[in-house]
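All of these numbers come straight from a predicted model, not from anything done at the bench.
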Amino acid sequence: MDAAGLPRLVGLAGISPLGAAIAARLAGTGLRIAAYDADPGGRARLAGASRLIEIAPGVADVGHDCEWVVSTLDGGALAALMLGEADRPGLGLLLAPGSLVIDMGASSPHDARRLAGILGSRGIGLLDAPALGTPEDATAGRLTIPIGGYAEFVTRVAPLLQRLGAVTSTGQAGTGHSVA
């Protein structure tokens, strides 16, 4: 962690246009980003965008190197990434206890609560914090971000998310997506 309580390297899972804008905004505020997307097109979206953004060659690189991971994936894709498959461990098995996953994609409150419970059993926190706005809003730091999850986790990630826009705590996991 740096002096502001932010990790030295923030992971990004899902390089959609919104994900790319979030990465560019965070890098523009001085944070280093390790971005991953299974789709080569997504990875190409950020290649060479900033010296502070590196494209992770695989999900394991994000899991081993990052304490916090921001996801712009939808609920099903996020669950698949976190839980993995029979032949491939998920990111949730690679993150260290104490890590945080910030779900900024389109998920249902039920999916957020379910994934929070599964990850929580490994000591990993999940916050549902849908990014309300456009990629242009993310670039300008004017997203609206309702955030659900344990108050301690919300307090920890607020300085990161405030770089992207206005943050409002909504209560327990799942409530961020319920107000979106």
Decide yes or no for [X] and [Y]: does some side-chain heavy atom of the first lie under 4.5 Å from some side-chain heavy atom of the second?
| X | Y | result |
| --- | --- | --- |
| Leu6 | Arg163 | yes |
| Leu164 | Leu26 | yes |
| Glu54 | Ile33 | no |
| Leu132 | Ile145 | no |
| Thr139 | Arg25 | no |
| Cys66 | Ser99 | no |

Let me have the donor-acceptor pairs involving side chains of residues 87-98, under 3.5 Å, with sequence neighbours excluded, atom names and distances please.
{"unit_1": "Arg88", "atom_1": "NH2", "unit_2": "Glu85", "atom_2": "OE2", "d": "3.4"}

Is a donor on one side and an acceptor on the other found under 3.5 Å between the side chain of [X] and the backbone of [Y]?
| X | Y | answer |
| --- | --- | --- |
| Ser50 | Ala27 | no |
| Ser16 | Gly19 | yes |
| Asp61 | Ala56 | no |
| Asp128 | Gly176 | yes |
| Thr170 | Ile147 | yes |

Give, for atom [atom1] of [X] and atom [atom2] of [Y], the distance between the pair rounded to the nearest 0.5 Å.
| X | Y | atom1 | atom2 | value |
| --- | --- | --- | --- | --- |
| Leu115 | Leu78 | CG | CG | 5.5 Å |
| Leu126 | Arg113 | CG | CZ | 12.0 Å |
| Glu67 | Arg156 | CD | CZ | 8.0 Å |
| Asp137 | Thr144 | CG | OG1 | 7.5 Å |
| Leu100 | Tyr150 | CG | OH | 12.5 Å |
| Asp111 | Asp74 | CG | CG | 9.0 Å |

Would [X] and [Y] show up in the same hydrophobic cluster when neighbours are defined by side-chain heavy atoms closer than 4.5 Å?
| X | Y | value |
| --- | --- | --- |
| Met82 | Val62 | yes |
| Leu83 | Ile124 | yes |
| Leu127 | Val69 | no |
| Ile55 | Leu31 | yes |
| Leu46 | Met104 | yes |

Between [X] and [Y], what is the shortest heavy-atom contact and its length?
| X | Y | answer |
| --- | --- | --- |
| Ala138 | Leu18 | CB-CD1, 3.9 Å |
| Ala173 | Ala116 | CB-CB, 3.9 Å |
| Ala23 | Leu12 | CB-CD2, 3.7 Å |

Pro109: which of Arg114, His177, Gln172 passes side-chain contact (heavy atoms from CB on, under 4.5 Å): His177
Using the rule side-chain contact (heavy atoms from CB on, under 4.5 Å), only one of Ile22, Ile102, Val154 pairs with Leu161; which is it? Ile102
Please determine whether a side-chain nitrogen of the Lys or Arg among Arg142 and Glu136 lies less than 4.0 Å from a carboxylate oxygen of the Asp or Glu.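 Judged by the 4.0 Å cut-off on N to carboxylate O distance, Arg142 and Glu136 do not form a salt bridge.
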Looking only at side chains, do Ser107 and Asp103 share a donor and an acceptor under 3.5 Å apart?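 Side-chain D/A pair, Ser107 to Asp103: present.
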After noting the C-alpha distance and the side-chain angles of Val10 and Arg32, does the key distance pass the side chain to side chain contact (heavy atoms under 4.5 Å, CB included) rule? CA-CA 6 Å; Val10 175; Arg32 287 182 48 235; over 6 Å; no
Quick one: side chains of residues 36-43, donor-acceptor pairs under 3.5 Å with protein atoms, not counting sequence neighbours, listed by atom name and distance.
{"unit_1": "Asp37", "atom_1": "OD1", "unit_2": "Asp39", "atom_2": "N", "d": "2.8"}
{"unit_1": "Asp37", "atom_1": "OD2", "unit_2": "Ile15", "atom_2": "N", "d": "2.7"}
{"unit_1": "Asp39", "atom_1": "OD1", "unit_2": "Gly41", "atom_2": "N", "d": "3.2"}
{"unit_1": "Asp39", "atom_1": "OD2", "unit_2": "Gly42", "atom_2": "N", "d": "3.4"}
{"unit_1": "Arg43", "atom_1": "NH1", "unit_2": "Asp37", "atom_2": "O", "d": "2.7"}
{"unit_1": "Arg43", "atom_1": "NH1", "unit_2": "Ala38", "atom_2": "O", "d": "3.1"}

